[in-house]
Protein chains: 2
Amino acid sequence: MAATHPPHIVALLYEAYLRLSDVVFQAGKAIDPRIRPAHSAVFFHMEHDGIRLSRLAEKAQMTPQAMGELVDDLEKLGYLRRVPDPADRRAKLIVFTDRGDDALRAGYAAIDDVERRLAVLLGEDGRSSLHAALTRVITDF
Amino acid sequence: MAATHPPHIVALLYEAYLRLSDVVFQAGKAIDPRIRPAHSAVFFHMEHDGIRLSRLAEKAQMTPQAMGELVDDLEKLGYLRRVPDPADRRAKLIVFTDRGDDALRAGYAAIDDVERRLAVLLGEDGRSSLHAALTRVITDF
DNA sequence: CCTCCTTGCTAAGGTAACCTGAATATAATG
DNA sequence: CATTATATTCAGGTTACCTTAGCAAGGAGG
């Protein structure tokens, strides 16, 4: 870990993640400075026809209470609404407003831009090798 | 970000980091469950002949106050001591105790083990290509 | 139908890992 | 020397989670 040691993959993964994610989070901040990185979990796990809080929490691997706070924030900011779930009166469906849809699209545009810049930097072969190696690590390590 | 989109490098980097770092953090927890992941910043940026708090904070890219808390913890746990810096009476040098040295060695052993397992999983060529690609992203993106 | 257990959400309060602002001691500089 | 800068520490705040506990509604068995 000290400077005398060569950089290990674990440390490199973290640094590389910070670099790339910062670009995406800066893009989010440009859309609306009140949106924080934590809110990305909501956008990331959203589903087209609406999603229940409990399912959103499960997908993001956090408690429904924690996810509830993020949803509260984005509801107050006008990015989503909670509507009653017709299939279960205990539940509510979280659906995006037009504003939410726009933000989601902008977020993906930022991610796609990072992907394109990576292909330029590493070559398309290099980018897809990196993709494959990371996928391998996630599934098999 | 949603399930309908293919995984992007940014997301893969984060997941891969979580997998590998978890192995290292579990090893740390086995040494002493009172050591938390945040403390790794101290071990990581330590210097052999002792280091000042302000320099440690700068290397770890956090405020001296935040680093001070981590150092407080590890001092209470007996992993390090603050000794007066002979070169500047305002400053203190943070130096590891024997216990701290042992923990540092154990931490590096865990990281080296991860590195070895990666070489098995990806092949040594694959591991070093991954290393090179990540280094490239960090320096040039 | 009624209990009884489960599920979906929310309210209240706690913790970890950071932060900013301000105080104190010492050093460096004109 | 008086001034300004640096090293640390104290106090208090914020963010992003968590646990505990409560209520409303659904589902299963007798």
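Heavy atoms only: backbone and side chains are in, while hydrogens, waters and symmetry mates are out. Keep in mind that this is a model prediction, so the values were computed, not measured. Within every chain, numbering begins at 1; the chains are lettered A, B, ... in the order of the sequence lines, protein sequences first and strands thereafter.
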Anything under 3.5 Å between a donor and an acceptor, one on a side chain of residues 17-27 of chain A, the other on a protein residue two or more places apart or in another chain? List them.
{"from": "A:R19", "atom 1": "NH1", "to": "B:I138", "atom 2": "O", "distance (Å)": "2.6"}
{"from": "A:R19", "atom 1": "NH2", "to": "B:I138", "atom 2": "O", "distance (Å)": "3.2"}
{"from": "A:S21", "atom 1": "OG", "to": "A:Y17", "atom 2": "O", "distance (Å)": "2.8"}
{"from": "A:S21", "atom 1": "OG", "to": "A:L18", "atom 2": "O", "distance (Å)": "3.4"}
{"from": "A:D22", "atom 1": "OD1", "to": "A:Q26", "atom 2": "NE2", "distance (Å)": "3.4"}

Residues which pass side chain to side chain donor-acceptor pair (under 3.5 Å) with A:Y79, listed by chain and number, not counting sequence neighbours: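 Counting only residues at least two positions away or on another chain, A:Y79 forms a side chain to side chain donor-acceptor pair (under 3.5 Å) with A:D32.
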Tell me the salt bridge (charged side-chain N to carboxylate O under 4.0 Å, His left out) pairs involving [range], sequence neighbours left out?
{"range": "residues 68-80 of chain A", "answer": "A:R36-A:D73, A:D72-A:R82, A:E75-A:R82"}
{"range": "residues 84-93 of chain A", "answer": "A:R52-A:D85, A:D88-A:R90"}
{"range": "residues 128-140 of chain A", "answer": "A:R136-A:D140"}

Pairwise N/O distances under 3.5 Å, protein to nucleotides 13-15 of chain D:
none

Assign each of A:Q61 and A:R89 the nucleotide of DNA chain D bearing its closest heavy atom; nearer the 5' end lies the nucleotide of A:Q61
Of A:A87 and A:M67, whose closest DNA chain D nucleotide lies nearer the 5' terminus? A:M67
Residues that B:E115 engages under salt bridge (Lys or Arg N to Asp or Glu O under 4.0 Å), provided they are two or more places apart: B:R127
Annotated protein contacts, base or backbone, on nucleotides 3-10 of chain C with a non-hydrogen cut-off under 4.0 Å, one of B, S, - each: ----BSSB
Do B:L93 and B:L70 sit in one hydrophobic cluster, given that two such residues count as connected whenever their side-chain heavy atoms are within less than 4.5 Å of each other, even indirectly?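 No; tracing contacts between hydrophobic side chains, which count when under 4.5 Å, never links both residues.
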Quick one: hydrophobic cluster around B:V120, which other residues, with the 4.5 Å side-chain cut-off, linked directly or via members?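 Via sub-4.5 Å side-chain contacts, B:V120 links to none.
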Distance, rounded to the nearest Å, where B:L74 contributes CG and C:dA16 contributes P: 14 Å
Expressed in angstrom and rounded to an integer, what is the separation of B:H39 atom NE2 from C:dC18 atom C1'?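 Taking atom C1' of C:dC18 as the reference, NE2 of B:H39 is at 13 Å.
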